[in-house]
Amino acid sequence: MPAPEKRPTVCIQIPLGSTSRPKIQRSPDAPKATGPIERRPSAVIRKLEMGIATPVYRGLFQSLYDGALITDGEGVITDLNARASDLLLFSAAELCGVKVTQVVSGANEQVLAEIRQNLDNLRFTSIEAYCLRKDGSCFPAEIVVNRLPGEKYPHLCFFIRDVTRRKNVESELRQSNESLLDLNRKLQENQLQLIQSEKMAALGQIAAGVAHEINNPIGFITSNLNTLVEYVRAIEELLAEYRKLSELHAEDPASRELLKSISEIAARENIPFVLNDIHSLLSESIEGVQRTRDIVQNLKTFARLDEAECKEADLNEAIESTLKIVWNELRYKCEIHKDLSPLPPIQCHPGQLNQVFMNLFLNAAQSIQNKGVIRVQSFVEKSNIVIKISDNGTGIPKENLSKLFTPFFTTKPVGKGTGLGLSISYGIIQKHGGTIEVETEEGKGTCFTIKLPLFNKQGSPS
Amino acid sequence: MNPKPTLLIVDDEANILKAFGRLLRTEPYRVLTASSGLEALDILQHETVHVVITDQKMPWMDGQELMEEMESRYPHLVKIALSGHVALPHISGILRNKKIFKFIPKPWRDEEVKQVITDAFRQAGLQNFNNPSMKVA
């Protein structure tokens, strides 16, 4: 809506202190209601001067919805309407001669001076302040201050509107907004975790189906390659004998033509190379199938998360047995520092947890370039078993942190990592009702912290 | 005279049958193959078989049905299940059938398979020995 007048207005915001319960809150600079109210005799005279207004305007003044206080130039109340009495619980007689600053907490001398200055240039100004009632309570008010037109005295008119309801609603809104923001933050955190576990669940389902289909071809390819190795060995054995035969007949004129043709073919086809390469060909292929098989095996873990056997186990034993398995991978470049406190046994899938520890140990070892230390700690904290596996390796770059637990995310070269280790670990720990967190600093190292509840809420991790 | 020890392998995937054929070519038993449950039952009518390896997921008649059919018709057959299933409910479902001698997963390890089959023949031989009715067959 366009403003009908071009005159600017100024709004002076006076801090209202705490907004939660404005009805009973007293602003620090609110006047004390119990103290004696100071009166000035001159105010009475001015009130009489005001009294000469015509009855119509008097009626208009009284019927205003806002409480109206009229003060002289020094801020002493000279007149007020019925609404103002209602709002402030003071009678007109009680308020006349009182300084406005004693009932409007925000309107101290400085503010009044400011208002006056503003009013020299403007028609009105508005402030937000607390008004003080006779009973000592106060209420938030929106006060429009106006200079009375045509007055020879610099009278001011304060129109007071009780904004308790608005302030209450505002404060409720602010509170619910804050709790919504808080909720939103939590939701965002949960969403990330949810996306992660959804991915796991979806992958688990796909994995079971895909693994079944892939297992058929892997089955016969593996078996065939092994058979082929046998065949090649047989042919090589035979070939060696043929070679001896050809050497025996090297000088035999009847065989000369045939031997010449044999050596021509051998040269053209580079048979020494072929015979040598057959073995690489086979071993590389077998290794490739083996890798495919490992990937499927890892994928199977997802499908099996729900079903593997659950029993009571000591996690320190699990850590020790896993260390034995991975020892060969670690021993050349890692020192292991163990700091395992006695732990109560918990219901868990020990095989799966072994896999988690193994993944973390291997990752730690791989992050160590030359020589380093892997530290494994276990202890009980509150109602959780805490296991920390840390290394002083290369650390994880910030940009990779968010993708760390994502299936198929890997920084390792092709063939060295499937990108499933940490996502599988994540899934396993989640199934156990626990959490897995990572702290890392590039160049300093990485620490994975696993927390597993001593008593799973579901009774068993399933 | 007892007929030559005979193994029947059932799988709807021809390459699996061929791979097993190659793997077991030099083993001291006869290897027959069938690409469906019905074909397997047909062979069983005409041949003396001691050990059967059957895939589980096959069209028309799956491994479980074939197992039950063989169980009722030829109770002395030693039956081995073969499956690429990875989800445990499937596998434990298969294994719940107490009449199954062993379970071979896909992919399999050649040496393990040979060992399982040898054990199965031993099992079949013991049954033959204890049960005179088998000798008639």
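Computed from a prediction, not measured in an experiment: that's the story for all the values here. Here is how names work: the chains are called A, B, and so on, in the same order as the sequence lines, proteins then strands, and each is numbered from 1.
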Measure the spacing between [atom1] of [X] and [atom2] of [Y] and express it to the nearest 0.5 Å.
{"X": "R293(A)", "Y": "R109(B)", "atom1": "CZ", "atom2": "CZ", "result": "4.5 Å"}
{"X": "E213(A)", "Y": "K106(B)", "atom1": "CD", "atom2": "NZ", "result": "9.5 Å"}
{"X": "E111(B)", "Y": "N226(A)", "atom1": "CD", "atom2": "CG", "result": "8.5 Å"}
{"X": "N224(A)", "Y": "N15(B)", "atom1": "CG", "atom2": "CG", "result": "7.0 Å"}

- prompt: Under the criterion side-chain contact (heavy atoms from CB on, under 4.5 Å), which of P105(B), S83(B), P107(B) is the partner of N215(A)?
  reply: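 Single pass found, and it is P107(B).
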
- request: Could you tell me whether K114(B) atom NZ has more than 12 heavy atoms of other residues or ligands within 6.0 Å of it?
  value: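 Yes - once you tally the heavy atoms of other residues, nucleotides and ligands closer than 6.0 Å, there are more than 12.
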
field: Residues in residues 21-43 of chain B that sit under 4.5 Å from chain A, counting heavy atoms only
entry: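 The residues closer than 4.5 Å to chain A, in numerical order, are R22(B), L23(B), R25(B).
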
field: Option in V113(B), D55(B), I16(B) with maximal non-hydrogen atom pairs under 4.5 Å from chain A
entry: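 Greatest number of close heavy-atom pairs with chain A: I16(B).
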
Salt bridge (Lys or Arg N to Asp or Glu O under 4.0 Å) partners for E230(A), two or more places apart: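 Residues passing salt bridge (Lys or Arg N to Asp or Glu O under 4.0 Å) with E230(A): R233(A).
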
task: List for me each residue that meets salt bridge (Lys or Arg N to Asp or Glu O under 4.0 Å) alongside K451(A), sequence neighbours excluded, and say none if there are none.
output: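 Salt bridge (Lys or Arg N to Asp or Glu O under 4.0 Å) list for K451(A), sorted by chain: empty.
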
- prompt: For F20(B), what residues pass the ring pair (Phe, Tyr, Trp, His ring centres under 6.0 Å) criterion, not counting sequence neighbours?
  reply: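 Partners of F20(B) under the ring pair (Phe, Tyr, Trp, His ring centres under 6.0 Å) test: W108(B).
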
